[in-house]
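All residue numbers in this chain count up from 1 along the given sequence.
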Amino acid sequence: MPKPLSVAIVGAGMGGLATAAALRRVGIDVTVYEQATQFARLGAGIQIGCNAVKVLRELALEPRLRGGSFYPRSWNNRDWRTGEVKFDMIFGESAEEKFGAPYLLAHRGDLHAALASIVPEDCIRLGHKLTGLDETAAGVRLGFANGALATADAVVAADGVHSVVRDMLFATAPVKFTGRIAYRTTFRAALLGGNAIDDCTKWWGEDRHIVIYYVRPDRSELYFVTSQPEPDFSIESWSAKGDVGELRKSFEGFHPQVTQVLAACPDVHKWAIMDRDALPRWTEGNVTLLGDACHPMTPYMAQGAAMAIEDAAVLSRCLDGVAREGIAGGFRRFEATRKARTTQVQETSRANTWLRGRTNADWVYGYDAWNVPLAA
């Protein structure tokens with residue numbers, strides 16, 4: 001029997017873990033290298049679109065996700081002050097029937113934990129910050145800040161918007177600050193004191209917005225995330241604290257649902273919203289980029305993680321049954337299959353008009369990464 005392909009995955013976020021699970025599904029040996037020393041359940045929600053759930057279903061995660069996530073009636077879009085409905089994107093059972101999978105709202109940490117649960121612990125190396133990458137006759141050689149070395153037949157870089165691998169392979173422009181910042185947090189819904197909120201609503205202001213939704217099936221925990229101008233802010237850390245008082249001031253005059261939520265939240269995180277143009281190409285030899293490393297998304301369509309999860313499924317199909325000498329071709333096929341879609345989502349998200357008015361969302365939520373035709 002020929003030796004299975006070995007793939008080193010750089011980054012253990014959503015895309016990295018989904019890729020590890022998808023590649024193992026087709027018999028490929030994987031090792032995931034992550035610079036963090038531990039996984040943390042940060043206070044952030046995530047929308048798991050029907051297109052992402054279809055991937056996760058084949059990874060045997062759908063029952064766990066249904067059991068721990070919120071199943072919304074819709075994604076409602078309303079005027080910041082009057083509450084007038086601009087567009088109500090109906091989900092629930094009708095969307096599940098139409099798109100072939102549910103739309104779920106979850107805590108980001110819960111989705112990450114679910115993905116981590118299907119990748120064996122001995123496949124994950126924490127505390128490994130990549131410092132070097134070289135293609136050799138024996139394979140792709142990786143060096144890490146802790147002195148460790150590794151060699152694999154191929155490397156998949158799922159190391160995010162500040163991808164070290166991307167910067168090693170390509171001359172890319174620096175990441176751009178959009179001039180906008182986001183506040184976000186999760187907290188116990190009991191703090192609302194009985195005040196009711198919609199399942200999932202984006203409140204559209206004139207130069208800012210806030211998205212609020214539940215992340216637990218019993219409505220016990222909720223999440224919000226904002227976007228607003230603050231051109232002098234530049235801290236991008238997901239764990240940096242924000243000033244709740246300043247946040248409340250910046251949404252004065254918004255609908256009572258919004259002000260009640262902000263009055264109840266105990267603390268918030270704050271980060272700069274960054275953007276980067278699509279890369280001309282993602283692949284160099286036996287190394288490819290995936291997810292935010294090659295097509296980073298602004299958060300306005302709630303599709304960033306979904307695109308990385310779709311990438312994982314398509315990549316596994318492109319490498320299924322491929323010998324070592326066919327890896328580079330498999331990576332090029334992966335890029336050719338995914339590039340038009342991810343660029344379209346990237347550009348649509350950047351415009352920040354998604355669902356603001358009547359929208360045909362079929363092209364996003366109807367996509368099936370396991371069955372979409374692969375490029376020639």
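Taking the side chain as every heavy atom from C-beta outward, I212 and D198 never approach each other to under 4.5 Å. Residues Y223 and E221 fail the side-chain proximity criterion, which asks for heavy atoms closer than 4.5 Å. Side chains of L319 and V26 form no contact here, defined as non-hydrogen atoms less than 4.5 Å apart. By the 4.5 Å heavy-atom criterion applied to side chains, P296 and Q346 are counted as neighbours. At a threshold of 4.5 Å between non-hydrogen side-chain atoms, the residues F224 and V268 count as touching. When side chains are defined from C-beta on, Y300 counts as touching I273, because their heavy atoms get closer than 4.5 Å. When side chains are defined from C-beta on, N352 counts as touching H209, because their heavy atoms get closer than 4.5 Å. In this structure the side chain of W271 reaches within 4.5 angstrom of the side chain of V225, judged on heavy atoms.
Residues N77 and W204 come closest through the heavy atom pair OD1-NE1, 2.9 Å. The two atoms that bring D292 and M297 nearest to each other are OD1-N, 3.5 Å, heavy atoms only. In this structure, S69 and A106 approach most closely via the heavy-atom pair OG-CB, 3.5 Å. A pairwise comparison of heavy atoms in R317 and N371 identifies NH1-N, 3.6 Å as the closest pair. When every heavy atom of V175 is checked against every heavy atom of M274, the shortest pair comes out as CG2-CB, 3.6 Å. The shortest heavy-atom contact between F254 and G205 is CZ-CA, 3.9 Å.
In this structure, K54 contributes its side chain and Y367 its backbone to a donor-acceptor pair below 3.5 Å. D159 places a side-chain N or O within 3.5 Å of a backbone atom of V165 that can act as its donor or acceptor partner. Using modelled atom types, no side-chain atom of S349 and backbone atom of V345 make a donor-acceptor pair closer than 3.5 Å. Counting only distance, with no hydrogens or angles, the side chain of D79 and the backbone of R81 share a donor-acceptor pair below 3.5 Å. At least one donor-acceptor pair under 3.5 Å links the side chain of H112 to the backbone N or O of A12. A donor-acceptor pair under 3.5 Å is absent between the side-chain atoms of T337 and the main chain of E335, judged by distance alone. R78 places no side-chain N or O within donor-acceptor distance of the main-chain N or O of W203, the cut-off being under 3.5 Å. K98 places no side-chain N or O within 3.5 Å of a backbone atom of G366 that could act as its donor or acceptor partner. No donor-acceptor pair under 3.5 Å is formed between the side chain of E96 and the backbone N or O of Y103. With hydrogens and angles ignored, the 3.5 Å screen pairs a side-chain donor or acceptor of S117 with a backbone N or O of A114.
Classification of the W354-W363 ring pair by plane angle, with boundaries at 30° and 60°, yields perpendicular.
Annotation for E93: atom CD does not count as buried by contact number, only 12 or fewer foreign heavy atoms lying within 6.0 Å. The local environment of CD in E84 is sparse, with at most 12 non-hydrogen atoms from other residues, nucleotides or ligands closer than 6.0 Å. Sparse packing is recorded around CZ of R141, with 12 or fewer heavy atoms of other residues, nucleotides or ligands lying under 6.0 Å away. Residue-environment remark: CZ (R332) stays at or below the threshold of 12 foreign heavy atoms within 6.0 Å.
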Q.
Is there a side chain to side chain contact (heavy atoms under 4.5 Å, CB included) between W80 and V258? Walk through the geometry before answering.
A. CA-CA 8 Å; W80 67 282; V258 174; over 6 Å; no
Q: Walk me through it: do L111 and L56 pass the test side chain to side chain contact (heavy atoms under 4.5 Å, CB included)?
A: CA-CA 10 Å; L111 175 57; L56 299 169; 4.0 Å; yes
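A salt bridge does not link K3 with D29: every distance from a Lys NZ or Arg NE/NH1/NH2 to an Asp or Glu carboxylate oxygen is 4.0 Å or more. Ion pairing of D199 with R219 is present here, as a side-chain N (NZ or NE/NH1/NH2) and a carboxylate O approach within less than 4.0 Å. Note on E310 versus R338: salt bridge recorded, some NZ/NE/NH1/NH2 to OD/OE distance being below 4.0 Å. Between E230 and K270 there is a salt bridge, since a side-chain N of the basic residue sits under 4.0 Å from a carboxylate O of the acidic one. Salt-bridge formation is detected for the pair D153/R324: a Lys NZ or Arg NE/NH1/NH2 atom is positioned less than 4.0 Å from an Asp or Glu carboxylate oxygen.
In this structure, W75 has its ring center no closer than 6.0 Å to that of Y213.
Here D110 contributes atom CG and R216 contributes atom CZ; the two are 5.5 Å apart, rounded to the nearest 0.5 Å. Between L65 atom CG and L105 atom CG the span is 12.0 Å, to the nearest 0.5 Å. Atom NZ in K241 sits 6.5 Å away from atom OG1 in T185 (nearest 0.5 Å). Note that NZ of K249 is 11.5 Å distant from CG of L247, once rounded to the nearest 0.5 Å. S94 contributes atom OG, which lies 9.0 Å from atom CZ of R73 (distance to the nearest 0.5 angstrom). Taken from NZ in K129 to CG in N146, the straight-line distance is 11.5 Å, to the nearest 0.5 Å.
No continuous path of hydrophobic side-chain contacts links V322 to W282 [ILVMFWY only; heavy atoms under 4.5 Å]. Residues V161 and M14 are members of separate hydrophobic clusters, defined by side-chain heavy-atom contacts under 4.5 angstrom among Ile, Leu, Val, Met, Phe, Trp and Tyr. Follow the hydrophobic side-chain contacts under 4.5 Å out from I28 and you reach L290 in the same cluster.
Tested against F91, the residues F70, Y365, Y71 include a single ring-ring contact (aromatic ring centres under 6.0 Å, His included) partner, Y365.
Under 3.5 Å, the side chains of S220 and D218 contain a donor-acceptor pair of N or O atoms. D275 and T178 form no side-chain donor-acceptor contact under 3.5 Å, judged by distance and modelled atom types alone. A side-chain donor-acceptor contact under 3.5 Å links N51 and Q303. With no hydrogens or angles considered, a side-chain donor-acceptor pair links S227 and R180 at under 3.5 Å.
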